[in-house]
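I have placed the structure first, in the form of structure tokens, so that the comments after it can refer back to it.
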Amino acid sequence: MNDSTRPARTAFDLSLQSIEQRYRGAPSPAVDGVSLDIGAGELVALLGPSGCGKTTLLRIIAGFVEQTSGQVLVGGRAIDDLPPNRREVGVVFQNYALFPHMSTLDNVAYGLACRGEPRARQLAKAREMLELVRMGHLSDRLPRQLSGGQQQRVALARALAVDPRILLLDEPFAALDKGLRLDMQIEVKRIQRLAGITCIMVTHDQEEALSMADRVAVINQGRLEQFDVPNQIYDHPATLFVNQFVGTSNALIGQITRLDGEGRAQALVDGTLSCAVRVAGGHHQVGDSATICIRPEHLRLADDGEGLRGTIELSLPLGPQIVHEIRLPGGADLKVVEARGEGARFRTPGSAVTLQLTAGAIVNAFAATKAAEPAAA
Ligand SMILES: Nc1ncnc2c1ncn2[C@@H]1O[C@H](COP(=O)(O)OP(=O)(O)OP(=O)(O)O)[C@@H](O)[C@H]1O
Ligand SMILES: [Mg+2]
């Protein structure tokens with residue numbers, strides 16, 4: 001990297017304060033009281049199912065939608081009264097939205113042209129940004145002469161060219177196939193680090209969120225369910241929704257048998273397996289029924305001993321792992337993932353097995369509500 005591609009800039013923090021958005025005629029708010037404090041230079045992923053309000057939140061930050069209530073602060077200053085072009089927020093939309101009749105170079109220079117920068121300065125900056133995204137050699141091409149990944153880089157260069165304080169990416173990799181997607185994920189992370197820019201990336205791909213982001217904000221029906229580092233989201237989900245939405249999880253019915261008041265408890269799972277659980281929220285009492293979540297990699301199969309009894313439905317090879325589908329006597333289906341080469345083997349459908357927790361297994365318990373109860377198989 002040479003000095004011309006190293007932007008000398010300060011990163012800005014971004015604070016969302018009780019943002020609410022009610023679209024006219026909608027029965028419920030699209031964004032429902034979301035507060036987030038994002039550090040300068042941080043990359044945050046907004047993760048949630050379709051329609052949960054992710055794009056709406058980005059549009060509010062960029063100034064394309066005026067929120068019903070709440071404030072957006074950049075570097076400690078409210079930007080709510082500024083029009084989009086004065087917010088210094090760069091946006092890359094899902095479809096990249098490049099101008100079809102303009103060359104790559106002109107697309108990237110566009111924002112600077114709008115600002116009335118001298119032509120020589122526009123071109124110099126646009127070239128610098130194209131180098132940053134490794135597209136300098138294709139600066140004369142039209143968008144239709146570029147691949148999806150290349151268009152994506154141009155859109156990113158265009159968003160960065162105006163030196164935004166905040167970079168917003170809405171599903172930036174949705175149109176890319178798997179291999180290119182991984183390349184671009186690494187690339188965007190590299191550029192974001194290099195530019196030292198505060199970034200929010202929208203995705204509904206949990207793996208993408210967990211691998212790329214410094215912190216992940218999980219949103220459900222307009223509400224923030226959890227905002228934390230990827231490991232905490234995965235291992236210590238704050239709600240049953242987060243546990244079910246991120247990664248794969250087996251949900252079982254259990255009962256709390258002991259509580260220590262500090263989030264640790266003992267539960268009896270499916271009437272037979274007693275184990276240490278972590279309780280989220282403070283809504284449990286001894287004797288309460290709970291939804292117990294165990295990830296497939298935290299279970300292992302044994303031929304005898306203590307544990308849940310079940311019957312093999314299927315054993316499938318999945319690359320370096322074996323995935324077993326197991327039915328419990330009550331009818332619930334569970335998944336168990338074992339690493340190959342650690343004594344794991346294929347099992348014949350119909351054979352009886354015992355399920356045990358692995359050493360260090362993390363088991364989360366959530367207050368059982370009607371809606372949260374696992375579907376009976
Ligand atoms: N301009 C609008 N007018 C009315 N309702 C809208 C408008 N834009 C979005 N909505 C509604 O607000 C909710 C949130 O939409 P939004 O586009 O923010 O979701 P999203 O999380 O980005 O979903 P996706 O993952 O499908 O892109 C949805 O119920 C949607 O139908
Ligand atoms: Mg969206």
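Indexing begins at 1, ligand by ligand and atom by atom, following the structure's order. Count residues from 1 along the sequence.
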Do L169 and I200 come within less than 4.5 Å of each other through their side chains, counting heavy atoms only? no
Under 3.5 Å, side chain of N107 to main-chain N/O of S103, donor-acceptor pair present? yes
For ligand 1, which atoms, with element, lie under 4.0 Å from some heavy atom of T55? 17 (O), 18 (O), 20 (P), 22 (O), 27 (O)
Answer yes or no: does an N/O atom from A30 fall short of 3.5 Å to an N/O atom of ligand 1? no
Run R119 and Q122 through side-chain hydrogen bond (donor to acceptor under 3.5 Å, both in side chains) and show every step you take. CA-CA 5 Å; R119 184 69 181 156; Q122 290 171 27; 2.9 Å; yes
Does the pair R295/D235 count as a salt bridge with the N-to-O cut at 4.0 Å? no
Which atoms of ligand 1 sit under 4.0 Å from any heavy atom of T56? 14 (C), 15 (O), 16 (P), 18 (O)
Answer yes if a protein heavy atom lies under 4.0 Å from atom 14 (C) of ligand 1, otherwise answer no. yes
Say whether T203 and E208, considering side chains only, have a donor N or O and an acceptor N or O under 3.5 Å apart. yes
Applying the side chain to side chain donor-acceptor pair (under 3.5 Å) criterion to D32, which one of Q21, Q221, R223 satisfies it? R223
Does at least one non-hydrogen atom of G53 fall below 4.0 angstrom from an atom of ligand 1? yes
Exercise check, heavy-atom protein proximity under 4.0 Å to atom 25 (O) of ligand 1: yes
Going by the side chain to side chain donor-acceptor pair (under 3.5 Å) test, name the single residue among R345, H324, R300 that passes it with E338. H324
Within a strict 4.5 Å, meaning less than it, do heavy atoms of the V216 and V229 side chains meet? no
Name the closest protein heavy atom to atom 9 (C) of ligand 1, giving the residue it belongs to and the distance to 0.1 Å. Y23 CE1, 3.4 Å
Heavy-atom nearest neighbour in the protein, as seen from atom 28 (C) of ligand 1, with distance rounded to 0.1 Å: G51 O, 3.7 Å
Ignoring water, what protein N, O or S atoms are under 2.8 Å from the Mg ion (ligand 2)? T55 OG1
Please list, one pair per line, the donor and acceptor atoms closer than 3.5 Å that link side chains of residues 61-68 to other protein atoms, with sequence neighbours excluded.
unit_1	atom_1	unit_2	atom_2	d
Q67	NE2	G70	O	2.9
Q67	NE2	D80	OD1	2.6
T68	OG1	R22	N	2.8

